[in-house]
Amino acid sequence: MSTLSPGLRPPPARPAAVAVAPEPRAARFRLSAADRDVLWLYLLTRISLWITAHFARWLFPAQSGVRETAPVLAPFQRWDANHYLHIARDGYFPAGAGPWTSGWDNREAFFPGYPFLLRAVHTVVPDWTAAGLLISLVAGAVAVLALARIARAYLPEEGAGHRTVVLFLLSPCAVFLAAGYTEALFLAFALPAWLAAMKHRWALAAVLTTLGTAVRVSGLFLAAAIGLLFLLSVRGGGGRRTWRSAGWTLLPALPPAAYSWYLHAHTGDWMAWKHAQERGWYRTFHPPWEAWANTWTGAFGGTQSTGYAFMFQAELAAMLVGLALVALLVRRRRWPEAVYVALSLWALGTSYWYTSVPRATLLWWPLWIGLASLSLRRPWFRTVYLCVAAPVTTLVALTFLTGRWAG
């Protein structure tokens, strides 16, 4: 088993995949003391966030002078959460509405996995917002458990899993793991998929990745990384038996293909989801340097209000972090992880300007494992990280929970 971090330790003798020895079937589902510790940490951070949301609706109402607070769950029903609610409740094209309708909300930009699950959970949980929060709560727990186990496979230091989860849950955009967004659900599929691929359980990895591609287009980036991991395992001596699993690597393409077929049947456009993103979120293709220049102008050119300018500054900072991460992964020959992050950066960095790059950092698990490795070897780094992350994380949580996220 390799104990290399994804970017901070000497490279292996050749670019082999990280492989983890198979474990007994019963042990796969057994919670160790370290797993329970991670879950307690996760629960405590959820309680902290819910307390923040409760007081935010009292101290920062939408209008001054109001004498009644917003509903308890109102702080979490913002922006994309409303899109998912509308899709789950009304479908993609209610009453014949669509892109041809004036004022259309471009809801086809969002993949159907999360709305489908939201509608299913709503049959048991009557409140839509509560149903979404329940999905994120359970999915987030699965995600942090898988993240901790991946970290323990990469890093030999004691407490590596716990440290990784701490840095992850206190990251600047961690509030989106609790809201009715897709990040927690995607990670609940993507991280176990990566863990299964590390153990060369290709069928399970493919099924989990397929579920991920139903939730976000990022699942295709994960599929590419796992496909490369598969090829490296074959090169490393997997043999004919491993090649028999090659067909599984194609399975994740099915949900995007089926969704494109569904959209074509209703709109006549095979790429309706991509065109909806272009209309609603300025995701028309631009060369990376133009996207950087446009985002820089929004951040520092005095063309935007201070709130929007701050958001563009955050986009630039997150892009720089992503580029540095890819460079480190390539330098250490962590090819599959580098492909995953690089594809994400390409998708986010070729729009008119950057959008949602800070949120995307939640999906870059090599980042959190690498930072954990650094903090375990350099204790001062943990202090610096927490001193910087704590106020930024609180600020981002408040701007989202009070309805001020988009500027």
Say you draw a straight line from OG of Ser171 to CG of Leu167; how long is it, rounded to the nearest 0.5 Å? 9.0 Å
Measure across Ala178 and Arg46 and return the closest heavy-atom pair with its distance rounded to 0.1 Å. CB-NH1, 3.5 Å
Regarding Asp269 and His275, is there a side-chain donor-to-acceptor distance under 3.5 Å anywhere? yes
Looking only at non-hydrogen atoms, find the nearest pair between Ala143 and Ala188 and report the distance. CB-N, 4.0 Å
Step by step, work out the ring pair (Phe, Tyr, Trp, His ring centres under 6.0 Å) result for Trp273 and Tyr259. CA-CA 9 Å; Trp273 63 270; Tyr259 184 48; 7.6 Å; no
Tell me yes or no: between the side chains of Gln77 and Asn82, is some donor less than 3.5 Å from an acceptor? yes
Is the backbone of Leu169 close enough, under 3.5 Å, to the side chain of Thr45 for a donor and an acceptor to pair up by distance? no
Closest non-hydrogen atoms of Phe312 and Tyr354, given as atom of the first, atom of the second and distance, are CE2-O, 4.1 Å
Give the intermediate values and the outcome of ring pair (Phe, Tyr, Trp, His ring centres under 6.0 Å) for residues Tyr84 and Tyr114. CA-CA 7 Å; Tyr84 294 121; Tyr114 183 89; 5.0 Å; yes
Identify the heavy atoms of Trp202 and Ala197 that sit nearest to each other, and give their distance. CH2-O, 3.6 Å
Measuring from atom CG of Leu251 to atom CG of Leu211, what distance do you get when rounded to the nearest 0.5 angstrom? 9.0 Å
Salt bridge between Arg30 and Asp35, side-chain N to carboxylate O under 4.0 Å? no
Is it true that a side-chain atom of Tyr282 and a backbone atom of Trp353 form a donor plus acceptor pair closer than 3.5 Å? no
Angle between ring planes, Trp194 versus Trp365, binned at 30° and 60°: parallel, tilted or perpendicular? tilted
How close do Ala193 and Ala205 get, counting heavy atoms only, and between which atoms? O-CB, 3.5 Å
Tabulate below the donor-acceptor pairs under 3.5 Å that side-chain atoms of residues 313-326 make, not counting sequence neighbours, or state none.
residue, atom, partner, partner atom, Å
Gln313, NE2, Ala299, O, 3.2
Glu315, OE1, Ser356, N, 3.4
Glu315, OE1, Val357, N, 2.9
Glu315, OE2, Ser356, N, 3.0

Hey, can you tell me if His264 and Trp270 have their rings parallel, tilted or perpendicular (30° and 60° cut-offs)? parallel
Check whether more than 12 heavy atoms from other residues, nucleotides or ligands sit under 6.0 Å from atom CZ of Phe116, and answer yes or no. no
Donor on one side chain, acceptor on other, Glu337 and Tyr154, under 3.5 Å: yes
For Thr182, which residues count as a side-chain hydrogen bond (donor to acceptor under 3.5 Å, both in side chains) partner, sequence neighbours excluded? Arg216
Please tabulate, for side-chain N and O atoms in residues 50-59, each donor-acceptor pair with protein atoms closer than 3.5 Å (sequence neighbours left out).
residue, atom, partner, partner atom, Å
Thr52, OG1, Ser48, O, 3.0
His54, ND1, Arg57, NH2, 3.4
Arg57, NH1, Thr69, OG1, 2.8
Arg57, NH1, Ala70, O, 2.6

Where Lys274 and Arg283 come nearest, the two heavy atoms and their spacing: NZ-O, 3.1 Å
Any side-chain donor-acceptor pair under 3.5 Å between Asn294 and Thr297? no
Aromatic rings Trp368 and Tyr385: how do their planes relate, parallel, tilted or perpendicular, breaks at 30° and 60°? perpendicular
